[in-house]
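Residue indices begin at 1 and follow the sequence shown. Below, each value reflects all heavy atoms present in this structure, side chains not excepted, and no hydrogens, waters or symmetry copies. Just so you know, ligand 1 is whichever comes first in the structure, and atom 1 is the first atom listed for that ligand. Owing to the predicted nature of the structure, the values given are computational and were not obtained by experimental measurement.
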Amino acid sequence: MKQKNSISSRSSRSAEFPATMPMGEFLFEYLYRRGVRHSFGVPGDFALPTFAWLEKSRIESITMTHEPGAGFAADAYSRMNGIGLVCVTYCVGGLNVLNPIAGAYAEKSPVVVVSGAPGVKDREKDPLLHHKVKTFETQRRVYDEVTVASTVLLDEERAAGEIVRCVEACLRHKRPVYIEVPHDMVDRMIPTRHVPPIEKPHSDPNTLAAAMNETLGLIRHAKKPVILAGVELHRYGYTDLAVKLAERLNIPIAADLLSKSAVAENHPLYLGVYGGAMSSDSAVRQYVETADCVLMLGTFITDMNMGIYTAKLDRNRTILATTEAVKVRYHHYDDVTFGDYLAKLAAAKLSKKKFKHPRPHIEPVPLKKSELTDGLNMKEVMRIISLHLDDNCCVVSDVGDAIFGAVGIRTSRRAEFIAPAYYLSMGFAVPGGIGVAKANPNLRPIVIVGDGAFQMTGTELSTAVRLGLKPIVLILNNEGYGTMRKIRDGSFNVISQWNYGKICELVGGGESTVATTKGELDGAIRSAMGSTSVRVIDVRIPRNDMSPQLASMSAELARLRGAKK
Ligand SMILES: Cc1ncc(C[n+]2csc(CCOP(=O)(O)OP(=O)(O)O)c2C)c(N)n1
Ligand SMILES: [Mg+2]
């Protein structure tokens, strides 16, 4: 009788593995059981045997036009799905996808990178093999900088344990991991016996009690508390817990740029996006900065989230609880997990606070007949987009004024929103839309991308067409690198003016429109919403226009960088 080995799983998907399995089969089956359903990548000779196992597995493999696109798609997919996968070949592919993986590390997105690699035999005597950079270890060493775990599967005995260790680290830390698969190892039978059990992090009970004691004291005394709902609430599935806490205590909630959409924007306790000078409106900024207790739950304190250091949050009245640490005013509590802290907080005895909304939810104002022929500007573009969003939309924003302007999107329903709002790598949104649609087929990606960023990864529309996806892609066409022009202008901000609509002909699918007025944009989005294919809208924005958020941001950046305006 075959010996069986069981691996515990976070879900009912746990089942027994045969005592030995081909490495490639175990790798993809384990990833499948831990939640991966799609892989994004580009093959290569060292990776072909691994791709063959991927093809035989239950995971759908999606070939993209370029590895950065695969990386961004996998990142967006991981944010929505809880774990994602990118498969590439050695160095030429792996190093091509490095930037998106660095972004995933910075913004805590759980992506598993599987890279094909030279075989055990190839590595003997250190020959000059194609795709090798310095040593056979180069790619893995580079990846150690952007991952929480890495392994090269050179040892059959330890391979299963190494795969489990890396995948579990990815799930626990919500950050990328790297698994290198030598091409002559992937078909070998590996034992699944020595798979380590999954260890759950736990809190030190006394430290947890002390942290809670100080937290509750601060909340009890607060007359005007506020919750800043951070992105980790969404990543770790704690959003509902935080919203219930807010509802029970009647404490208002603000989001930040990374966590925008974590809370439904029409929730009676929702204030808007806070980010210092980059806040969605002055009422949000005013409320948060005059609160006597700011409860930051899962918040990333980044320069962007905090409006390039324009945020005024005094430590004396702040609590910061994340997966990394719990800090209450000037005290730092180690060994307290985010989950335990939130659970205790949610269960704590506290009385309701008084709260009067400074500016109850304002829905975007519908277009009047008299304004239909008006030209476009960023503020109006965001208003018009807001008018069309519903629960089935996911706004995927690229970097540039798309991301600043998106702070101004205010929906009447709960539309999702994702953006590389901290790492800020251009090229995220078009492939990101593909990742979103694969992670949740019920969501329609509304991609907002600058003309410059579109020129980086817009070719992935080809992948969207092939997969039958229907993103609506709004290209904010302001003739070049508008954001850079606002900080410091020069010939380096000039790009070629493309005929963007022609991309549909090039990729063999979709339809395109040009929008120069409010009425044309409104009509184009309405028509796109009713269509079942890729829609590209070339949105003509005056060269010198910018969103109100970018105006205050670029003034801050120019001041910090010392540029003369
Ligand atoms: C990969 C990458 N390269 C360069 C930059 C620096 N950068 C930030 S915004 C920007 C210009 C973006 O231009 P566009 O996409 O047209 O958006 P706009 O600023 O015009 O709204 C550049 C070059 C970046 N963030 N990411
Ligand atoms: Mg531009």
Side-chain angles (χ1 to χ4, degrees), residues 66-73 75 95-107 146 257-258 278 302-304 308 376-382 385 395-409 419-433 447-461 473-500 503 514-515 536-558 560-561 563:
H66 197 199
E67 286 88 355
F72 290 131
D75 177 352
L95 298 181
N96 243 344
V97 83
L98 188 67
N99 175 54
I101 299 305
Y105 183 93
E107 296 194 7
V146 296
L257 192 50
L258 265 171
M278 216 175 69
T302 73
D303 58 346
M304 278 295 147
I308 314 287
L376 289 167
N377 61 42
M378 281 299 294
K379 193 170 175 209
E380 291 301 309
V381 167
M382 295 303 160
I385 293 172
V395 174
V396 189
S397 166
D398 215 295
V399 172
D401 208 3
I403 213 163
F404 298 113
V407 174
I409 292 180
Y422 162 50
Y423 186 64
L424 292 178
S425 178
M426 286 165 76
F428 176 88
V430 173
V447 173
I448 316 181
V449 54
D451 46 349
F454 184 83
Q455 291 194 8
M456 290 189 176
T457 52
T459 48
E460 294 299 356
L461 281 183
V473 180
L474 294 113
I475 303 173
L476 306 180
N477 183 355
N478 58 1
E479 297 172 31
Y481 292 163
T483 309
M484 294 296 107
R485 286 197 299 249
K486 307 299 179 302
I487 304 170
R488 180 168 287 200
D489 205 0
S491 56
F492 37 77
N493 291 324
V494 176
I495 60 172
S496 305
Q497 182 64 9
W498 288 7
N499 188 346
Y500 293 98
I503 185 96
V514 176
V536 175
I537 309 174
D538 180 348
V539 185
R540 301 284 168 87
I541 315 268
R543 197 175 181 282
N544 284 320
D545 180 60
M546 63 182 128
S547 67
Q549 292 78 18
L550 176 57
S552 54
M553 214 42 12
S554 55
E556 274 307 313
L557 275 175
L560 282 170
R561 306 275 182 273

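Residue M484 approaches ligand 1 through these ligand atoms, each under 4.0 Å from one of its heavy atoms: 7 (N), 8 (C), 9 (S), 10 (C), 22 (C), 23 (C). For ligand 1, the atoms sitting less than 4.0 Å from at least one non-hydrogen atom of G450 are 14 (P), 15 (O), 16 (O), 17 (O), numbered in the order shown with element in parentheses. Atoms of ligand 1 found under 4.0 Å from any heavy atom of D401 (numbered from 1 in listed order, with element): 18 (P), 19 (O), 21 (O). Listed by atom number, the atoms of ligand 1 under 4.0 Å from G482 heavy atoms are 18 (P), 19 (O), 20 (O). Of all atoms in ligand 1, listed by their number and element, those nearer than 4.0 Å to a heavy atom of L424 are 24 (C), 25 (N), 26 (N). Here is the list of ligand 1 atoms found below 4.0 Å of a heavy atom in G452: 14 (P), 15 (O), 16 (O). The N478 neighbourhood of ligand 1 comprises atoms 18 (P), 20 (O), 21 (O), with distances under 4.0 Å to a heavy atom of that residue.
Within the 2.8 Å limit, G482 places no N, O or S atom next to the Mg ion (ligand 2). The distance from the Mg ion (ligand 2) to the nearest N/O/S atom of T483 is not under 2.8 Å.
Using modelled atom types, one finds a donor on one side chain and an acceptor on the other under 3.5 Å when comparing N477 with D538.
Pairing each heavy atom of T457 with each of G427, the nearest pair is OG1-O, 2.7 Å. Closest approach of V447 and G433 over heavy atoms only: CG2-CA, 4.3 Å. Residues V407 and Q549 approach most closely at CB-CG, 3.8 Å, considering heavy atoms. Annotation for P431 and G69: closest pair CB-O, 3.2 Å, computed over non-hydrogen atoms. Of all heavy-atom pairs spanning F428 and A419, the tightest one is CE2-CA, 4.3 Å. Of all non-hydrogen atoms in P100 and P68, the two that sit nearest each other are CG-O, 3.5 Å.
Rounding to the nearest 0.5 Å places CG of L550 at 7.5 Å from CD1 of I487.
When hydrogens are left out, the protein atom nearest atom 19 (O) of ligand 1 is T483 OG1, 2.4 Å; that is the closest non-hydrogen contact. Among protein heavy atoms, the minimum distance from atom 13 (O) of ligand 1 is reached at Y481 CD2, 3.3 Å. For atom 23 (C) of ligand 1, the closest heavy atom belonging to the protein is M426 SD, 3.4 Å. Of all protein heavy atoms, the one closest to atom 16 (O) of ligand 1 is D451 OD1, 2.6 Å. In this structure, the protein non-hydrogen atom closest to atom 15 (O) of ligand 1 is A453 N, 2.8 Å.
Between OD1 of D451 and OD1 of N478, the angle at the Mg ion (ligand 2) works out to 100°, rounded to 10 degrees.
With hydrogens and angles disregarded, a donor-acceptor distance shorter than 3.5 Å links the side chain of E460 to the backbone of H66.
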Q.
If you apply the rule side chain to side chain contact (heavy atoms under 4.5 Å, CB included), what do you find for N478 with M546, and how did you get there?
A. CA-CA 9 Å; N478 58 1; M546 63 182 128; over 6 Å; no
Q: Verify side chain to side chain contact (heavy atoms under 4.5 Å, CB included) between M426 and Y481, making sure each step is shown before the conclusion.
A: CA-CA 11 Å; M426 286 165 76; Y481 292 163; 3.9 Å; yes
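Ligand 1 has G480 within reach: a non-hydrogen atom of the residue lies less than 4.0 Å from it. Ligand 1 lies within reach of S425, whose nearest heavy atom is under 4.0 Å from it.
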